[in-house]
Amino acid sequence: MLRIFWLLCLFVPGVILSPAVRSAHASGPLISYETRLMVFSPHPDDETLGVGGLIQRVLSAGGKVEVVFMTDGEGYAGGVEKEDHTSHPTVKDYRDYGALRRSEALKAAATLGLRSQDVSFLGFPDDGLYYLRTTFFRSRLSFLSPATMENRPPKSERIIPDATYTGRELLKEMERLLARFRPTLLATTPALDWHPDHNSTYFFVKKALVYWQSKNPKPGPELITFLIHFGKWPPPQGSGADSPLEPPPYSPGNIRWLSFPLTPREVEIKRKAILEYRSQMLVMGSYLMSFARGNELYMLDKGRRQKSRAGRAQK
């Protein structure tokens with residue numbers, strides 16, 4: 001997997017690698033027209049912040065990309081209050097905010113080169129994935145979103161017609177997407193991410209991979225993760241190729257980081273895609289733009305890589 005990015009780095013000017021990145025070992029296939037990248041994004045905007053450049057690179061190589069949004073990001077109270085100029089958002093306000101963020105996601109995807117059919121919305125509850133994760137083994141009761149007062153995804157977003165807000169139903173929908181798209185490369189947020197929806201997304205992605213691989217004898221996709229929330233990281237240094245994204249100085253020392261350099265054109269397109277998230281720019285614009293750098297930073301999921309190499313998936 002490392003060779004995918006390592007060899008591509010050799011052909012991009014201005015490569016900046018941290019000491020942790022320089023110590024990484026190269027191995028795995030190259031990105032090509034056969035690459036099938038699937039991105040599981042907790043909320044609309046995480047996909048662009050974390051892998052907006054990688055999405056462009058896979059598409060430019062002739063590969064395929066599908067972005068899956070776990071939630072619509074409808075439960076962000078601060079964003080709803082700013083958008084609607086109210087200190088007491090209603091259920092309708094939250095539902096409308098989710099629709100707005102879906103619309104922004106499609107515009108950002110189009111900016112990155114994706115078609116609407118390359119994007120899937122699961123519609124599970126924003127700020128509810130942690131609950132679905134922690135009750136996965138002990139409850140089949142559906143979660144009621146305090147924001148939208150719904151206990152199931154919007155009808156238009158359900159893959160399973162009778163799906164409700166439970167971890168098991170979410171897992172079933174993710175399995176179906178994996179089986180349909182059959183990715184060779186998978187990207188999502190890590191367990192290290194501080195946001196509960198983000199580290200819970202990692203939990204569900206890993207579990208969905210295990211279940212899918214138990215039915216699929218072929219080697220599974222390589223898995224990389226992209227960090228979004230981690231204390232005060234990243235520092236707000238603005239955008240541009242002269243402002244590289246570096247690993248958090250206080251992150252665990254056993255992580256294998258990889259700095260993926262972007263071309264100036266890729267940085268500019270990524271920046272434009274971020275700006276499509278107007279509702280988020282209103283409340284955290286400088287933070288979002290801190291990801292529009294000359295590189296993207298990934299972590300290699302070593303455990304998953306070993307399983308896929310062996311051609312089997314184990315818990």
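F204 pairs by the ring pair (Phe, Tyr, Trp, His ring centres under 6.0 Å) definition with nothing, not counting sequence neighbours. Listed by chain and number, the residues in a ring pair (Phe, Tyr, Trp, His ring centres under 6.0 Å) with Y287 are H229, F291 (sequence neighbours excluded). In this structure, the side chain to side chain contact (heavy atoms under 4.5 Å, CB included) partners of E34, at least two apart in sequence or on a different chain, are S32. For R278, the side chain to side chain contact (heavy atoms under 4.5 Å, CB included) partners two or more places apart in sequence, or in a different chain, are E83, L100, E104, L282. Taking the side chain to side chain donor-acceptor pair (under 3.5 Å) definition, one finds that Y165 meets it with nothing, sequence neighbours left out. For R115, the side chain to side chain donor-acceptor pair (under 3.5 Å) criterion is met by D118, not counting sequence neighbours. Every residue meeting the side chain to side chain contact (heavy atoms under 4.5 Å, CB included) condition with D93, not counting sequence neighbours, appears here in chain and number order: V80, D84, T86, P89, T90. The side chain to side chain contact (heavy atoms under 4.5 Å, CB included) check on T135 picks up Y131, R138, S139, with sequence neighbours excluded. Legend: residues meeting ring pair (Phe, Tyr, Trp, His ring centres under 6.0 Å) with Y33, ordered by chain and number and at least two apart, are absent.
Applying the ring-ring contact (aromatic ring centres under 6.0 Å, His included) rule to pairs touching residues 92-118 yields nothing, sequence neighbours excluded. Pairs of residues two or more places apart, or lying in two chains, that qualify as side chain to side chain donor-acceptor pair (under 3.5 Å) and include a residue from residues 148-161 are R95-E150, R102-E157, S142-N151, S145-T148.
Contact of the E246 side chain with the P244 side chain is registered, since non-hydrogen atoms from C-beta on lie closer than 4.5 Å. For the pair V39 and F69, the minimum side-chain heavy-atom distance is 4.5 Å or more.
Classified by interplanar angle (parallel below 30°, tilted 30° to 60°, perpendicular above 60°), the ring pair F203/F137 is perpendicular.
Not one N or O on the side chain of N295 forms a donor-acceptor pair closer than 3.5 Å with the backbone of P261.
Grouped with L144 in one hydrophobic cluster are V91, M149, the linkage being side-chain heavy-atom contacts under 4.5 Å among Ile, Leu, Val, Met, Phe, Trp and Tyr residues.
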